[in-house]
2 protein chains.
Amino acid sequence: MQPQKITAESVTSDKNQTLVEQILVQIQESIIKGELRPGSKINEQALAEKYGISRGPTREALQQLERQRLVVRIPHVGARVATLTIEELNDLYELRSTLEGMACELAAQRIDEQQLSQLWALLEQQEADLARGDSYFQQEGDVDFHYQIIQASGNRHLQETLIGGLYHLLRMYRYQCTSSSRPVRAIAEHRRIVEAIAARDAELAGLLMRRHIEQGRQNTEQRLRQLTAQEASAVS
Amino acid sequence: MQPQKITAESVTSDKNQTLVEQILVQIQESIIKGELRPGSKINEQALAEKYGISRGPTREALQQLERQRLVVRIPHVGARVATLTIEELNDLYELRSTLEGMACELAAQRIDEQQLSQLWALLEQQEADLARGDSYFQQEGDVDFHYQIIQASGNRHLQETLIGGLYHLLRMYRYQCTSSSRPVRAIAEHRRIVEAIAARDAELAGLLMRRHIEQGRQNTEQRLRQLTAQEASAVS
DNA sequence: GTGAACAACATTGTCGACAATCTTTCATTT
DNA sequence: AAATGAAAGATTGTCGACAATGTTGTTCAC
């Protein structure tokens, strides 16, 4: 995807949000997909020119990205893209496991009929995509799955913490470390989670979610190990 | 406390951080202490002039405050001080209970000797302050207590989420809703938590912490109920 | 008198320029 | 040749002004 300059048309066709919001999602994608490499320095001036805007909104976007943990900023020095390390991956998934476990317990208690049927529909969609071997939608579908459960928890601070704070970094790890060889098992786990939620069994739902996420962690960690080893040998 | 204008001396005497960092803590305190009333509108221009700086750094500070949940910003409309509601209080404490319970479990597993002796020292300090009836240090001591345990958890994302994201809003609720009539019990609970951590009993430590926080929630909720009822009658 | 449209005002969003700080380069000394 | 220091360059931090948007108050029609 090219950097999309802000034109008169895009401003009007888009719902005319603020410049920051418009470029934020684009930079997010660049980082998550690795077009901006982990650990690389970000030059405010250059980034601003790339999107045809000034440094003001660019700085605000970088601050947002820092909040989302995709960027690390140091005063008077500048911003760098976050680096992916084993230690941080473990910290991140440890926290995610607790939070999404909590979300799942709450969802089992509070989900309403409409949300539940949406969740069933998404699950069936995923199973269909799986049968068709459609790996792109598997990725997106997985994000949606967790997203919907978090929404159903009904706790706004929890939602904000997970979606506003952790989710983008998680997507970055998963995008860059994914070995797409695990969907069969993962979607079977999804089914069991939905069943537990539908049965209003909060304790079980939370437990299954924590296990499901631990599986994901192991998978991602293994892949990250390969990548870092590979990179180390490429340098020499 | 007066708004402290930034002078040449304060810049050099202070460790010469950035303007944003300097005013951020001042605005934080203003909000937490209620000098800026909950729900009131924040005017960027006025706020900038109050501290003798321009709107640029002021806007950045407001963004930081939004991240800390002390401020709500709406594009093209502006920023307001967060409002304190029963519903949000419950969401917030629900999340806090889970996160600090987790922190406590991890701390029991990972705390080192030095951190542990610091924790003991703080506990004894608190018990001494309690005997002396020193209510100001009780407040601060309680913040430190939870802070130290969070630090001892060793999970950087957890630390960032609690301290960077939730703690300031928690302090706001506690400052504005505190009925300082509970320290005896609270500090007894602190002692049991430290004992569990020292015994490396993660499960117990987490459980005690969650209970301790639930006590705090009930206390704060009750006080908030009184305040809102009081306010409603004052209007009529 | 009430409601809608419009104009005047106030506030936020964006920009370009300058100041403060950090980084790099290059000369100098040991 | 390596280390130190200073100067030049590049980058971030801050400012004031202008543009875009939201808000308020007034007028007019009904």
Side-chain angles (χ1 to χ4, degrees), chain A residues 3-27 31 36-37 39-67 70-82, chain B residues 3-27 31 36-37 39-67 70-82:
Chain A
Q4 194 172 327
K5 288 215 180 184
I6 312 298
T7 65
E9 302 90 73
S10 75
V11 168
T12 47
S13 70
D14 232 315
K15 273 164 200 156
N16 208 5
Q17 299 170 332
T18 185
L19 276 188
V20 177
E21 297 177 52
Q22 292 184 41
I23 63 163
L24 180 57
V25 291
Q26 296 194 49
I27 306 178
I31 292 178
L36 290 171
R37 269 173 310 173
S40 64
K41 186 149 191 321
I42 296 177
N43 185 310
E44 291 180 0
Q45 183 85 342
L47 196 62
E49 283 168 11
K50 181 173 170 185
Y51 293 102
I53 63 176
S54 82
R55 273 182 54 221
T58 307
R59 278 176 67 86
E60 287 200 25
L62 286 175
Q63 220 179 320
Q64 293 278 86
L65 290 167
E66 184 182 34
R67 169 185 174 191
L70 292 177
V71 151
V72 178
R73 290 197 327 156
I74 301 174
H76 294 291
V77 173
R80 306 193 88 90
V81 179
Chain B
Q4 194 173 327
K5 288 216 179 183
I6 312 298
T7 65
E9 302 90 73
S10 75
V11 169
T12 47
S13 69
D14 233 314
K15 273 164 201 157
N16 209 6
Q17 297 171 331
T18 186
L19 276 188
V20 177
E21 298 176 52
Q22 293 183 41
I23 63 163
L24 179 58
V25 290
Q26 296 194 49
I27 306 178
I31 292 178
L36 291 171
R37 269 174 310 173
S40 65
K41 186 149 192 319
I42 296 176
N43 185 308
E44 292 180 0
Q45 181 85 341
L47 196 62
E49 282 169 11
K50 181 173 170 185
Y51 293 102
I53 62 177
S54 82
R55 273 181 55 220
T58 306
R59 279 176 66 85
E60 287 200 25
L62 286 175
Q63 220 179 321
Q64 292 278 87
L65 290 167
E66 183 182 34
R67 169 185 174 193
L70 292 178
V71 151
V72 178
R73 290 197 328 155
I74 301 174
H76 294 292
V77 174
R80 306 193 88 92
V81 180

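Being a predicted model, the structure only gives us computed values, none of them experimental. In what follows, every chain begins at residue 1, and chains take the letters A, B, ... in the order their sequences are listed.
Residue A:Pro57 places its side chain closer to C:dC15 than to any other of C:dC15, C:dG13, D:dG22. For A:Val77, whose side chain is taken as the heavy atoms from C-beta onward, the closest listed nucleotide among D:dT11, C:dC22, D:dG22 is C:dC22. Comparing D:dG13, C:dT12, C:dG16 by their closest approach to the side chain of A:Ser54 singles out C:dG16. Out of D:dC15, C:dT14, D:dT12, the shortest distance to the side chain of B:Ile53 is found at D:dC15. Each of D:dC15, C:dT11, C:dC22 was ranked by its minimum atom distance to the side chain of A:His76; first place goes to C:dC22. The A:Asn43 side chain lies nearest to D:dT11 when the options are D:dT11, D:dG13, C:dG13.
Atom pair B:Glu60:CD and C:dT14:P shows a separation of 14 Å (rounding to whole Å applied). Regarding A:Glu49, its CD atom lies at a distance of 12 Å from the P atom of C:dC15, rounded to whole Å. The distance between atom CD of A:Glu44 and atom P of C:dA20, rounded to the nearest whole Å, is 18 Å. When rounded to the nearest whole Å, the span between CG of A:Leu47 and C1' of D:dT12 equals 14 Å. Atom-to-atom, CD of A:Gln22 to P of C:dG13 comes out at 13 Å; the value is rounded to the nearest Å. Remark: P of C:dT21 and CD of B:Glu21 are 13 Å apart, rounded to the nearest angstrom. For B:Gln45 and D:dG22, the CD to C1' distance is 16 Å, given to the nearest whole Å. Atom CD1 of A:Ile74 and atom C1' of D:dT11 are 14 Å apart (whole Å).
To the nearest 0.5 Å, the span separating CD on A:Glu66 from CD1 on A:Ile74 amounts to 9.5 Å. Atoms CG and CD, from A:Leu24 and A:Glu60 in turn, are 10.5 Å apart once rounded to the nearest 0.5 Å. Rounding to the nearest 0.5 Å gives a distance of 8.5 Å between CG of A:Asn43 and CD of A:Glu49. Note that OG of A:Ser54 and CG of A:Leu19 are 8.0 Å apart. Values are rounded to the nearest 0.5 Å. To the nearest 0.5 Å, the span separating CD1 on B:Ile53 from OG1 on B:Thr58 amounts to 3.5 Å.
Contact between the side-chain N/O atoms of B:Thr18 and the OP1/OP2 oxygens of D:dT12 is not found at any separation under 4.0 Å. Phosphate contact (OP1/OP2 of D:dC15, side-chain N/O of B:Arg55, threshold under 4.0 Å): absent. Side-chain N/O atoms of B:Arg59 include one lying less than 4.0 angstrom from OP1 or OP2 on C:dG13. For A:Lys41 and C:dC22, the shortest distance from a side-chain N or O to OP1 or OP2 is not below 4.0 Å.
In this structure, the side-chain contact (heavy atoms from CB on, under 4.5 Å) partners of A:Ala79, at least two apart in sequence or on a different chain, are A:Ile42, A:Leu62, A:Val71, A:Arg73. Every salt bridge (charged side-chain N to carboxylate O under 4.0 Å, His left out) that A:Glu44 has, sequence neighbours left out, goes to A:Arg55, A:Arg59. Partners of A:Ser40 according to the side-chain contact (heavy atoms from CB on, under 4.5 Å) rule, which considers only residues two or more places apart in sequence or in another chain, are A:Arg37, A:Val81.
At a threshold of 4.0 angstrom between heavy atoms, the contacts of A:Leu62 with the nucleic acid are absent. In this structure, A:Gly78 reaches the sugar-phosphate backbone alone: every heavy-atom distance under 4.0 Å involves primed, P, OP1 or OP2 atoms, never a base.
Of all heavy-atom pairs spanning B:Gln26 and B:Gln22, the tightest one is CG-O, 3.7 Å.
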What pairs of nitrogen or oxygen atoms, one from the protein and one from nucleotides 5-7 of chain C, lie under 3.5 Å apart?
none

All N/O contacts under 3.5 Å from nucleotides 6-8 of chain D to the protein, with atom names and distances to one decimal?
none

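Toward the 5′ end of DNA chain C lies the nearest nucleotide of A:Val20, the other residue of the pair A:Val20 and A:Pro75 mapping further downstream.
B:Ile27 is listed as a side-chain neighbour of B:Leu36, based on a closest heavy-atom distance under 4.5 Å.
In this structure, the side chain of B:Gln63 does not engage the main chain of A:Gln63 through any donor-acceptor pair within 3.5 Å.
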